Protein chains: 2
Amino acid sequence: MTTPSFPVSAIVAAQRPHRKDAARNFDALLAAAREAFAENGADASLEDIARRAGVGIGTLYRNFPTRRALFESVYADEVDALCQAAVEVADREPWEALTAWLDRFAGYMVTKRAVREALEGESEILGACRDSMYAAGGPLFERAQQAGEARPDMDFGDLLRMVAGISATQFSDDEQRDRVLAIALDGVRTRR
Amino acid sequence: MTTPSFPVSAIVAAQRPHRKDAARNFDALLAAAREAFAENGADASLEDIARRAGVGIGTLYRNFPTRRALFESVYADEVDALCQAAVEVADREPWEALTAWLDRFAGYMVTKRAVREALEGESEILGACRDSMYAAGGPLFERAQQAGEARPDMDFGDLLRMVAGISATQFSDDEQRDRVLAIALDGVRTRR
DNA sequence: ACTCTAACGGAGGCACCCCTCCGGTTCAAC
DNA sequence: GTTGAACCGGAGGGGTGCCTCCGTTAGAGT
């Protein structure tokens, strides 16, 4: 949005320890945390995460002094992937590109309900994630607007929250989720 | 939906104790629980609820043996109010009646995020709540469909989840929430 | 091979929550 | 007014989570 976008996961990579065993533990912790956050939401037990990683609780705290620090690290590269997806989609027709990216975005939200909370939180890296996301998806939306495909009386933030809200909801099955999302996106599309 | 609708709060009223002090505590507990659930979601601390009600934890457990029992009782009359609103709105134009009711529904979702979870849970009274809600709102939607105002390729369950999802999301302000909701509902409306 | 420093793991103190149980209290019926 | 049944409050035992601290271990540089 305002900030230039760059791979937020680089910030995390910089914190990866140099020693071999330490690096291994660092990775195991991230993997375990990713699992745990997906299963139990953002307030998963830290002790459980250490257990899953086969690591002492002390090691967890040494690498990630706060729950938030761990949380941020976990999602940095998911956000990167999302940004990457925006690039891959850029050469399609405006509306098609936008919806393709939003589908991808929605796909994340289903399992990673925690990402959603991150969209609001205030912090160095989480802010960078949000900025990256806006920088990646925003232009897709604006292009659709300029092509006259998306309604002009809303902004990208509106759209993102709409999609986030819908995809975070529990549906009876994936079909229902897709159906509802498509209907809502119909409301975003310009009438002709 | 399938079950006939009747005031679910009557089920709760039947469990209110007869003795004066007991009845007072029962009411205080419900009020405290309503507050706590609104603030902290469905997993608010039971001990905190008892504290707020100025009552021992034992009293809470005597009246509501499980967290779920308390939870159900709290929301029964909110659901009743929602059903009542459907009646009040029934004499307006089909589309206008539907959106008016959905606005009311959305209003609940903002604060009472717990109601949303109730929409899925399985249990005697929670099931009755869901049925009541469908019985109240469903006809409004079908009327709009028959009037050619709402698209025919979706059902009331789709609509409810869409609105629930959007309103449960955190927005920067109420205006944004209303704006996004209106856009999504535009997708529900038949094109002309 | 040796060292010494960075990293390890988990015990332990604290806080919170759940739920049961029981001695004391209060209502209401007679 | 008396009385007994219904109701009360909260102490207490068990569980889980958070975070710190420190004796032990193992990698990296020489």
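So you know, we letter chains A, B, ... as the sequences are listed, proteins then strands, and number each from 1. On a predicted model such as this, the values are computed, not experimentally measured, just so you know.
- At D:dC18, one or more side-chain N or O atoms of A:Ser45 fall inside 4.0 Å of OP1 or OP2 (strictly under the cut-off).
- Whole-Å rounding puts the A:Tyr61 OH to C:dG12 P distance at 18 Å.
- Atom CG of A:Asp43 and atom P of D:dC18 are 9 Å apart (whole Å).
- One interatomic measurement links the two molecules: CG of A:Leu60 to C1' of D:dT20, which rounds to 14 Å at whole-angstrom precision.
- Put simply, CG on B:Leu70 is 12 Å from P on C:dC19, counting in whole angstrom units.
- Checked by atom type and distance alone, the side chain of B:Ser73 never pairs as donor or acceptor with a backbone atom of B:Val12 at under 3.5 Å.
- In this model, the phosphate group of C:dA7 is not approached by any side-chain N or O of A:Thr59 to a distance below 4.0 Å at OP1 or OP2.
- Side chain of B:Arg177 to backbone of B:Phe171: no donor-acceptor contact under 3.5 angstrom is found.
- Considering only side-chain N and O atoms, A:Arg19 lies nowhere under 4.0 angstrom from the phosphate OP1 or OP2 of D:dA26.
- Remark: C1' of D:dC8 and CZ of B:Phe26 are 16 Å apart, rounded to the nearest angstrom.
- A:Arg151 has a carboxylate O that lies under 4.0 Å from a charged side-chain N of B:Asp186, or vice versa, which qualifies the two as a salt bridge.
- Each of A:Ala22 and B:His18 has a nearest nucleotide on DNA chain C; the 5'-most of these lies closest to A:Ala22.
- If you check every strand for non-hydrogen atoms under 4.0 Å, B:Leu46 touches sugar and phosphate atoms only.
- By the 6.0 Å contact criterion, CD on B:Glu93 is open, its count of non-hydrogen atoms from other residues, nucleotides or ligands being 12 or less.
- Summarising the geometry, the separation between CG on B:Asp21 and C1' on D:dG9 is reported as 12 Å, rounded to the nearest angstrom.
- Residue A:Asp48 is out of contact with every strand shown, counting any heavy-atom pair closer than 4.0 Å.
- Nucleotide D:dG13 holds its C1' atom 13 Å from the CD atom of B:Glu47, rounded to whole Å.
- Counting non-hydrogen atoms under 4.0 angstrom, B:Arg67 reaches the backbone sugars and phosphates but no base.
- A sub-4.0 Å separation between OP1 or OP2 of D:dC7 and a side-chain N or O of B:Asn25 is absent.
- Candidate nucleotides C:dC27, C:dT20, C:dA7 were compared by shortest atom distance to the side chain of B:Ile57, and C:dT20 ranks first.
- Atom P of nucleotide C:dG23 and atom CZ of B:Arg62 are separated by 15 Å, given to the nearest angstrom.
- B:Phe141 has its ring centre no less than 6.0 Å from the ring centre of B:Tyr134.
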